[in-house]
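Just so it is clear: chains get the letters A, B, ... in the order the sequence lines come, proteins before strands, and each one is counted from 1. Model, not experiment: these values are computed from the prediction.
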Amino acid sequence: MTVRVRFAPSPTGYLHIGGARTALYNYLFAKATGGTFVLRVEDTDIERSSSEYEKLQIEDLQWLNLLHDEGPDKPNPKYAPYRQSERSHIYMEHALKLVEQGLAFYDFCTDEELEAAKEKAMAENRDPHYEGKWREPAFAAEAKARVAAGEKAAIRFRSPKKPYTLHDKVKGTVVFPENMVGDFVIVRSNGLPVYNFCCVVDDYLMDITHVIRGEDHLNNTVRQLMIYEALGAKLPEFAHVSLLIGADRQKLSKRHGATSVNLYRNDHYLPEAMLNYLCLLGWSHPEEKDVFTPEEIIPLFTLDRFSAHSAIYDLVKFKYINGQHLKMKDNAELIKMVEEFCEGASVDFFKAQSTEWKNKAIDITKPYSDFITDIPKNIQDMILDTGLESGEQADEIKTWESSVKVYQFIKEKVDNYSADYISEADLNAWTDSLKKDLGIKGKPLFMGSRFALTGKAHGPDLKILIPLTPVTIIKNRQAEVGKFLG
RNA sequence: GCACCCAUCGUCUAGCCCGGUCCAGGACACUGCCUUUUCACGGCGGCGACAGGGGUUCGAAUCCCCUUGGGUGUACCA
C-alpha cells in the first residue's frame with residue numbers, strides 16, 4: 001500500500017504557522033515513505049473562503065518548499081477535483097445514498113425549534129442532542145415526499161448509539177463513549193455539505209492512508225468514524241498532533257505576535273529555518289539534533305516521535321535556529337540574498353563594491369548575524385556608521401593619556417592618505433610605529449587605535465575591518481573622536 | 001455543565017509503551033571561564049524539572065487511581 005497523505009487548509013485567511021507545521025509533518029511523512037502529498041482545499045464555508053487566500057496559502061507553502069504532488073493545480077484525474085466547492089455533487093450523491101439506506105434522514109426543523117430544544121435539554125441537564133421527530137424512520141416517506149415537492153431540508157446523520165474506539169498514532173487508544181454526539185448535520189438546508197462529512201468522503205475517495213492533523217479535530221473524529229463505517233470505507237491511520245499555544249498557554253492568536261507564515265516570509269526568515277523550528281515543536285529528532293535541514297530529516301521521520309502535549313510557540317529559539325542556518329550558507333548565496341532581499345543605504349553601498357570586498361564584508365558580519373537583514377545592519381554599524389560608541393569602555397579609553405597620542409598619530413596618517421581605502425600593510429605599519437616610536441603597547445595600543453579609527457570599543461578584527469572602510473568615513477569619525485577626547 | 005486530550009528545567013524536549021543502567025540527558029535563554037590584546041563566533045562549565053496525593057512493587061519520571069491545572073470539543077464553522 002502506498003502512502004497518501006493530505007494537507008487540507010481552509011482558504012479563510014493566511015497560512016497559519018500551525019497549518020504550516022501540519023503541512024510539514026504530512027510532507028515529511030510522504031517523502032519518508034515514498035508516498036504522495038495531496039493538497040486539498042476545504043472551501044465549503046462559502047462565506048469565509050476566497051480564492052485569493054487559496055492563492056496566498058499556496059504561495060506560502062511554496063516558499064517553505066512544501067510542494068504537493070497533487071492538488072488543484074496538479075490534478076490526478078483519478079481523484080480530481082481538489083476543491084471541495086467543486087465536489088458538491090459527490091457529497092450529495094453519498095449523502096443521498098445514506099438517506100436511502102436509512103443511515104441519514106431529512107430534517108425540517110427550524111433554527112428556532114432546534115434552539116429551543118437545545119436550551120430545554122441543557123436546563124434539564126441532558127446532552128443537547130437532536131431530538132426532533134424526523135429521526136424516526138416512520139417519517140421517512142413523508143420527508144421524501146416533501147423534498148420531492150421542493151421543500152428545503154438539512155440531512156442529518158443518524159448517529160449509532162454505541163461507543164467508538166480510535167487507535168491514534170499520537171494519542172494511543174481513545175474511546176469515545178456512546179452519546180458523545182447526536183444526529184449531526186451532514187448537508188445544510190442550503191444544499192452545502194459540512195466539513196465532517198466532506199472530509200471523510202474525500203479522504204475515502206482520494207485513498208488517503210494517513211490523516212495527520214491538529215488535535216482540535218480529535219473529538220470530531222468520532223463523527224468521522226461513524227461516517228467511515230456508514231460508507232463502508234476502510235479507516236485510515238490517524239495521528240492527532242498537539243497544538244501550538246502562546247506563552248500564556250492560551251490559543252495562539254494575533255496578540256501573541258506574528259502567527260502567519262507570510263509575516264516571516266516578509267521579514268526574510270529562512271524557510272528551512274522555519275521548517276526546522278516548527279518541526280521541533282512537537283516532534284523530536286531520534287538523535288536529539290536540533291539544527292537540521294528537511295532533507296536530513298526525511299529519512300528519519302516517523303510518526304512515533306510526536307509529543308502528546310501542546311507546545312508554546314516562542315521566537316527565541318527560532319532566532320537561534322535561523323542564525324544557525326544562516327551561518328551554514330556560503331558567501332555567494334548570502335551576497336545574493338542581501339542584494340535581492342535587503343534594502344537601504346548600506347545595501348546600495350554594498351552593491352557598488354567589488355566581489356572581494358563583499359566576501360570580506362560577509363565574513364566579518366556573519367558571526368554577528370541571525371537574520372539575513374542583520375548583515376546590512378551590521379555593515380551599517382561596523383563600516384558605515386560615523387557615530388561614537390558610548391559607555392564604560394569608551395569612558396575608560398578617554399582616561400588613558402595615550403589615547404590622544406594614538407588618535408593624533410593616526411589622524412595625521414589618515415588625513416594624508418591618498419587612496420580610498422587603507423591597506424592592511426599600512427595599518428600594520430602604523431601600529432608598529434605606535435609601538436616602537438611612541439612606546440605604546442597592550443590595551444591602549446589596540447583599543448586606542450580601534451577607537452581612533454572606528455569610534456567604537458568593540459567590533460571585528462581591525463585588520464579586516466579597516467581595509468573595508470572608506471577613508472572618507474574614517475575621517476568623519478575622527479572629527480567626532482577628536483571632540484570626545486577633547 | 002458534559003465528553004475527550006494533556007501534564008519532565010523559564011521554553012522546546014529525551015527518557016515513559018518493555019519499571020532498576022536517571023540523586024533525570026540534550027538544546028534555547030541566563031550565567032562563569034577559555035579563546036580573541038576588543039566584541040561576536042566557537043569551546044568548556046554553572047544554574048535549572050519528573051504538578052500534588054494515594055496505591056502496586058524489593059524498587060516508579062516510568063504502571064494504576066484521585067486531585068489540581070491547562071487545552072480541545074460539544075455548530076446547518078473548519
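Between the CZ atom of Arg450(A) and the P atom of U36(B) there is a distance of 15 Å, given to the nearest Å. Note: CG (Leu243(A)) to C1' (C12(B)) measures 16 Å, nearest angstrom. The CD1-C1' distance, from Ile379(A) to A40(B), rounds to 15 Å in whole Å. One interatomic measurement links the two molecules: CG of Asn220(A) to P of C4(B), which rounds to 16 Å at whole-angstrom precision. Note: NE2 (His309(A)) to C1' (A49(B)) measures 12 Å, nearest angstrom.
Of the side-chain N and O atoms in Gln324(A), one or more sit less than 4.0 angstrom from OP1 or OP2 of G42(B). Contact check, Thr12(A) against A78(B): no side-chain N or O comes under 4.0 Å of OP1 or OP2. Distances shorter than 4.0 Å separate none of the side-chain N or O atoms of Arg305(A) from OP1 or OP2 on C17(B). An OP1 or OP2 oxygen of C77(B) is reached within less than 4.0 angstrom by no side-chain nitrogen or oxygen of Arg48(A).
Residues Trp134(A) and Phe108(A) bring their aromatic ring centres within 6.0 Å.
Rounded to a whole angstrom, the distance from the C1' atom of C28(B) to that of C66(B) is 36 Å.
Using a 4.0 Å heavy-atom distance criterion, Tyr320(A) is classed as a sugar-phosphate-only contact.
Results of the side-chain hydrogen bond (donor to acceptor under 3.5 Å, both in side chains) test with His240(A) over Lys169(A), Glu215(A), Arg213(A), Lys171(A) single out Arg213(A) as the only residue that passes.
For Asn219(A) and U72(B), a side-chain-to-base donor-acceptor distance below 3.5 Å is present, hydrogens and geometry of angles not being considered.
The 12-atom threshold is exceeded at CZ of Phe371(A), counting heavy atoms of other residues, nucleotides or ligands nearer than 6.0 Å.
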